[in-house]
Each structure stands twice: as C-alpha cells, then as structure tokens.
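Each remark here refers to the structure printed beneath this line.
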Amino acid sequence: MSNLKILVGCKRVIDFAVKVRVNSAKKAVETANIKHSLNPFDEIAVEEALRLREKLGNNVIKEVIALTCGPPKAQEQLRTALAMGADRAIHVEVGKDDNDVANILQPLAVAKLFKAIVEKEQPSLVIFGKQAIDDDASQTGQMLAGLLNWPQATFASKVELNGDKLTVTREVDGGLETISSKLPAVVTTDLRLNEPRFATLPNIMKAKKKPLVKFTPDQLSVDITPRLETISVVEPPARQGGSKVGTVDELISKLKEAGAL
Amino acid sequence: MSNPLKYQVRDLYKKLLFLGREYPSGYENFFRPKLKAAFLKNRDLKNYHEIKKAIDLGEYVIKELETLYYLRKYRSLKRSYYN
C-alpha cells in the first residue's frame with residue numbers, strides 16, 4: 001500500500017511544569033496568562049507518525065496532518081507540530097479562549113469533529129496521545145474508533161506498519177500485549193513509545209509557511225453541545241507537615257494515636 | 001567584523017537564546033546573562049579553527065539542553081502517571 005495519510009491529534013494543554021490552580025468559582029482551573037503547550041503524549045504521537053514516514057519513505061506515507069480542536073491560540077500548538085515535521089495542519093476553531101473551550105469541548109464532541117475531518121481527508125491511520133495531561137479523560141481515541149467502526153490499538157509502546165498490516169505492542173498490567181490489525185486504524189500512544197524531537201528555532205520559522213486550514217464545527221455540521229456538567233473542581237488536600245519526637249515513648253504514643261500500632 | 005563565520009555565530013546565539021526561554025533556573029536573570037558572558041569571553045578569537053571549535057561547543061550545548069528538557073518532561077510525566 002502506498003500514499004497513506006496519517007492524521008495526528010494535537011491538544012493545547014496547560015504546560016506540564018505549571019502549578020495548576022482552581023479558579024474562584026470552583027468549576028475549572030485558571031487558564032488566563034498561563035503557559036500552554038502541546039500535550040506531551042500528542043508530541044509522542046506526532047513523533048511516531050514522523051518516524052513511520054522516515055522508516056517507510058515518502059512514497060508509502062504521503063502526508064502527516066496535524067489536527068486540533070480548540071481556541072484560536074491552539075494554532076501555536078499546531079505550529080509546534082508543523083515545526084517537528086508535520087506537512088500541514090487543520091484547526092477546528094471552538095470557543096474564544098482556553099477557559100471557554102474547557103467548558104464547551106468534551107471528548108465526545110472532539111471525537112465527532114475528528115470523524116468529520118477523517119471523512120473529508122480519508123487518512124489510513126489516526127494517532128492520538130493516550131490522554132491529555134489536563135483533563136486526563138483518555139477517551140477521544142477510543143470514541144473516534146467507535147464512531148468510525150475502526151480497529152483501535154491503545155497505549156502503544158511499539159508500532160510497526162507492514163503493507164496494510166499494523167502490529168502494535170501495548171503496555172498492559174503486568175506485561176506487554178501484541179496485537180495486529182488492518183488499516184485503517186486508530187492508535188493511541190504511551191509514554192515509552194519514542195522520544196519526541198525538539199522543535200528547533202529554524203524549524204519553527206519554516207513552520208510558519210506551512211499550510212493551515214481552519215474550520216468551524218458548523219461548517220462540519222457537528223453538534224458539540226456539552227453532555228456533561230462539571231459540578232466542582234477541588235485541589236488535592238495539602239500535605240500535613242511531620243513533627244519530631246524526642247523519646248521512644250512519645251513515638252509509640254503517637255503511633256498508637258495514628259492507629260498504626 | 002567581516003568574519004565569514006559571523007552569521008554562524010549569530011545563528012548559534014539566537015538558537016541558544018530561544019532554548020534558554022525554558023531554562024529551569026530562569027531566563028532573564030540567569031540564562032541570558034550567562035549566555036552573553038560566555039559569548040563575550042570568546043570575542044577576541046581570531047583564528048578560524050578556534051572560532052569553529054567554539055561553535056561546535058555551542059552546538060553540543062544545544063543538544064545537551066534539548067536532552068535536559070526532554071528528560072525533565074519525561075520524568076514529570078512518569079511521576080504523575082506511572083508510580
């Protein structure tokens with residue numbers, strides 16, 4: 001098989017190094033003026049698409065397309081994917097800013113938008129990160145596979161493509177599982193699949209010239225009404241400080257108090 | 001300064017500045033002054049091979065920084081999802 005297209009999902013998330021804070025309404029986290037970046041698992045997905053192409057050649061894999069659903073600023077993350085080496089990008093614009101998007105966009109809606117794009121572009125392989133580091137839903141890839149009725153290989157730690165046969169090694173509890181399927185298929189990537197390359201400055205400059213197409217959910221005639229309501233968001237309990245004990249007796253009485261003895 | 005390596009040096013400086021923006025100890029107060037000092041230290045190099053060697057060292061630092069950032073990300077993900 002040749003002339004394959006690979007579609008890669010890219011999500012704009014709060015950077016992994018940022019300390020996340022809950023907003024005053026207790027319904028979401030603060031997103032204003034906070035550094036955002038490409039979801040690290042999606043970086044792994046982009047890298048895997050590029051590695052497949054480098055291994056099999058440009059004749060076999062014609063195009064790597066980055067796709068995101070998100071606010072206007074999500075373009076930055078698409079440019080990162082383009083700088084890593086994707087050929088072109090598609091941006092489904094949803095919401096005005098990051099806060100807006102967190103309220104509107106849920107995995108089912110994203111999967112439906114992806115389905116609309118998949119029907120337009122006819123890719124043979126869709127690669128996602130296994131989950132986004134902001135909502136940790138880990139649903140979009142699975143839902144897309146369900147909607148399209150395609151085979152899915154989740155939590156991939158090794159991906160091999162031979163003709164139209166896809167062999168994926170998955171990380172499961174207590175070991176590895178190897179499965180194979182035919183294309184088209186959906187793959188979601190695990191942490192140990194590869195080491196993503198760095199988007200270098202010259203490549204970021206070049207990426208500004210690569211094509212980027214915009215759509216709105218209306219143009220794709222997809223209903224993105226939220227089906228879930230967030231009741232509340234709370235921070236994890238603060239760690240209780242330890243204390244020093246002077247004598248063994250004190251230690252034992254403390255342990256008894258805590259129910260450890 | 002009409003050295004043929006002029007543009008390579010400037011290019012290297014720009015690349016390093018860009019990478020420095022994510023440096024854990026800070027950019028404005030740590031990375032930028034350090035980088036500038038490191039370049040100024042070599043301002044008097046005239047010999048082609050000496051300059052070339054300094055550029056190679058810079059390229060090596062770029063690779064080190066990229067690896068540092070990758071490991072930082074990998075470790076933080078591993079800590080939050082795999083332990």
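Below, read A as the first sequence line, B as the second, and so on, with proteins coming before strands; counting in each chain starts at 1.
- Between B:Tyr13 and B:Phe39, the ring center distance clears the sub-6.0 Å criterion.
- For A:Ile133, the parts lying under 4.5 angstrom from a heavy atom of chain B are both the backbone and the side chain.
- Counting all heavy atoms, side chain and backbone alike, A:Asp42 lies closest to A:Val8 at O-CG1, 4.4 Å.
- Ring to ring, A:Phe114 and A:Phe128 are close: their centroids are under 6.0 angstrom apart.
- Proximity to chain B is absent for every atom of A:Asp15, based on heavy atoms less than 4.5 angstrom apart.
- Heavy atoms closer than 4.5 Å to chain A are found nowhere in B:Ile62, neither backbone nor side chain.
- Ring-plane geometry between B:Tyr74 and B:Tyr70 is classed as tilted, the angle between the planes lying from 30 to 60 degrees on a 0 to 90 degree scale.
- Looking at A:Arg197, neither its backbone nor its side chain comes within 4.5 Å of chain B, counting heavy atoms on both sides.
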